[in-house]
Number of protein chains: 2
Amino acid sequence: MSSKKTNIRTRIIEATWRLMEQRLGKSISMGDVAKTVGISRQAVYLHFASRTELMIATSNYVDEIKCLNERLNQFKTASSGIELLEACVDVWGNYIPEIYGLAKALLATRNTDEATAAAWNNNMGCLRDICRETIETLDAEGILAPEWSKEEAVEMFWTMISIHNWEQLTVECGWSTTQYIDRMKALLKLTFINRLHKP
Amino acid sequence: MSSKKTNIRTRIIEATWRLMEQRLGKSISMGDVAKTVGISRQAVYLHFASRTELMIATSNYVDEIKCLNERLNQFKTASSGIELLEACVDVWGNYIPEIYGLAKALLATRNTDEATAAAWNNNMGCLRDICRETIETLDAEGILAPEWSKEEAVEMFWTMISIHNWEQLTVECGWSTTQYIDRMKALLKLTFINRLHKP
DNA sequence: TTTTTTACTTGACATACTGTCAATAGTAAA
DNA sequence: TTTACTATTGACAGTATGTCAAGTAAAAAA
C-alpha cells in the first residue's frame with residue numbers, strides 16, 4: 001500500500017539478487033539478506049513468508065527488470081527461420097550473463113524445493129516456446145533437416161542453448177560470449193537446416 | 001585391517017550410493033545413512049571424518065565398481081576417428097544412467113563443497129581426455145571440420161555429451177537412451193566432420 | 001582365563017540454519 | 001490522542017553437521 005512498504009520489499013529483493021550474483025550458487029541465508037539490507041532477520045519474514053517465497057519474488061523481479069519477454073518479442077519480426085534461429089542465440093546468449101547468479105541460485109535449490117523449481121521451469125518453458133517457434137518456421141519454409149521430427153528438434157535446440165552449456169563453455173572453458181554465440185549458431189544451423197537447401 | 005572394518009566401511013558406502021540413487025539430488029544426511037546401515041550416526045564418523053569424505057569415498061567406490069576406465073579402454077582399439085566418436089557416445093551414453101544418482105548428488109554439493117567438486121571435476125577431466133583423443137584422431141585423419149580449432153572442438157564435444165544434456169533430453173523430455181545416443185552421434189558427426197570428406 | 005584392543009553405543013554439546021511466537025518500541029495516519 | 005503499522009529483541013522448536021566423553025560387548029592377545 002504505502003510506498004515505504006514497497007521500498008523495503010524492493011530493497012530486500014535487490015539485496016537478495018546482489019547476493020546471488022556475488023555468491024554464485026553458494027546458498028544465501030535469511031540472516032545474510034537481513035544483514036545486507038540492515039534490518040533484523042525477523043523483519044524479512046514480515047515481508048516474505050519463507051526463503052522460497054523470497055527467491056521466487058526475486059526471480060519475478062529480475063524477469064521484470066530484465067524484460068526477457070520484451071527482448072524476445074523484439075526479434076519476432078525476423079523475416080526467416082534462419083534469422084529467427086540467429087536472433088534466438090543472440091538474445092539468449094547475451095541475456096544469460098545478466099541472470100547467471102539468479103539462475104545458479106534457483107538451479108541450486110531445484111532438487112529440494114519444488115516451488116522454486118516450478119518458477120524456474122516456467123522461465124525455461126518460455127525459452128522452449130521460442131525454440132518451438134524457430135523450428136516451426138524452419139519447417140514451414142521447408143528447410144528443417146529431414147532427419148529431425150519437429151518435437152525432437154525443439155527439444156535438442158532447447159537443450160543446446162541451456163544455461164549449463166553456456167556455463168561450461170564460458171565459465172569453465174573460458175570462451176567469450178561472442179565466441180559462444182558464434183559457435184552455437186554455427187552448430188545449430190548445421191544441425192537443423194537441410195544441407196540440400198543451403199545457398 | 002580386519003575384513004570386518006572393510007565390510008562396515010563398504011556397507012556404509014553402499015548405503016550412501018543406494019540413497020543417492022533413490023533420492024535423486026535430494027540431500028542425504030549422515031543420520032539417514034546410519035539408519036539405513038543400522039548403526040548409530042556417530043559410528044559413521046568412526047569411518048568417515050565428514051560428509052564430504054563419505055561422498056568422495058562413494059564416488060571412488062562407484063568408479064571402481066563400474067570401471068569407467070576399463071570401458072573407455074575397451075574402445076580405444078577403434079580403427080578410425082569416426083568409430084572413436086561413435087564409441088565414445090555409445091559407452092558414455094550407456095554409462096550415465098548407471099551413475100546418474102551419484103552424479104546428481106555430487107553436482108548438488110558442487111557449489112558449497114570444493115572437495116566434492118574436485119572429485120567430480122576429476123571424473124569429468126577423464127571424459128575430456130577421451131574427447132580430446134577423438135578430436136585429435138579426426139584431425140590426424142584430416143577430417144576435422146576446418147572451422148574448428150582442436151581446442152574449441154574438444155570443449156564443445158565435451159559440453160555436448162555432458163550429463164546435464166543427457167538429463168534434459170531423457171529425464172525431462174522423455175527420450176530413450178538409444179534415441180539420445182543416435183541423435184547425439186548424428187549431431188556430433190555433422191558438427192565436427194568435414195562435410196567435403198564424407199563418403 | 002584374564003586383559004586389552006577394537007567397534008560401536010548413548011547422550012550431551014556447540015554451531016548454524018529455518019521458521020514461529022510473544023513482548024516491546026517507534027512512527028505515521030485517523 | 002488513539003490506532004495501526006513496521007520493526008525490534010529474545011526465546012523457542014526443529015533439523016542439520018561435527019565433536020566429545022563415558023560406557024558396553026566381543027574378539028584377539030597375554
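Chain naming here is simple, since letters A, B, ... match the order of the sequence lines and numbering starts at 1 in each.
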Practice task
For residues 108-121 of chain B, pull every pair meeting salt bridge (Lys or Arg N to Asp or Glu O under 4.0 Å), keeping only residues two or more places apart or in separate chains.
Solution key: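 Qualifying pairs, neighbours excluded: E172(A)-R110(B).
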
Practice task
Could you list all the salt bridge (Lys or Arg N to Asp or Glu O under 4.0 Å) pairs where at least one residue sits in residues 32-53 of chain A, not counting sequence neighbours?
Solution key: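 Qualifying pairs, neighbours excluded: R23(A)-D32(A).
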
From [atom1] of [X] over to [atom2] of [N], roughly how many Å is that when rounded to an integer?
X       : N       : atom1 : atom2 : result
K35(B)  : dT15(D) : NZ    : P     : 10 Å
D113(B) : dA16(D) : CG    : P     : 18 Å
N7(A)   : dA7(D)  : CG    : P     : 10 Å

Handout entry: Residues forming a salt bridge (Lys or Arg N to Asp or Glu O under 4.0 Å) with K66(A), sequence neighbours excluded
Key =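 With neighbours one apart ignored, the set is E98(A).
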
Practice task
Please name all residues satisfying salt bridge (Lys or Arg N to Asp or Glu O under 4.0 Å) with K150(B), sequence neighbours left out, ordered by chain then number.
Solution key: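 Checked K150(B) against salt bridge (Lys or Arg N to Asp or Glu O under 4.0 Å); matches are D139(B).
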
Problem - Residue-phosphate contact under 4.0 Å: H47(B) side-chain N/O, dC8(C) OP1/OP2 - result: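 It does, given that an N or O in the side chain of H47(B) lies less than 4.0 Å from OP1 or OP2 of dC8(C).
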
Exercise for the section: Please check if the side chain of W92(B) supplies one atom and the backbone of I161(B) the other of a donor-acceptor pair under 3.5 Å. Expected result: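 Confirmed, W92(B) side chain pairs with I161(B) backbone.
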
Handout entry: Nucleic acid footprint by protein, nucleotides 9-25 of chain C - heavy-atom cut-off 4.0 Å, B for base, S for sugar-phosphate alone
Key = BBBB----SBBBB----

Practice task
Any pair with a residue in residues 123-147 of chain B that passes ring pair (Phe, Tyr, Trp, His ring centres under 6.0 Å), sequence neighbours left out, goes on the list, sorted by first then second residue, please.
Solution key: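 Counting only pairs at least two positions apart or across chains, no ring pair (Phe, Tyr, Trp, His ring centres under 6.0 Å) contact touches residues 123-147 of chain B.
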
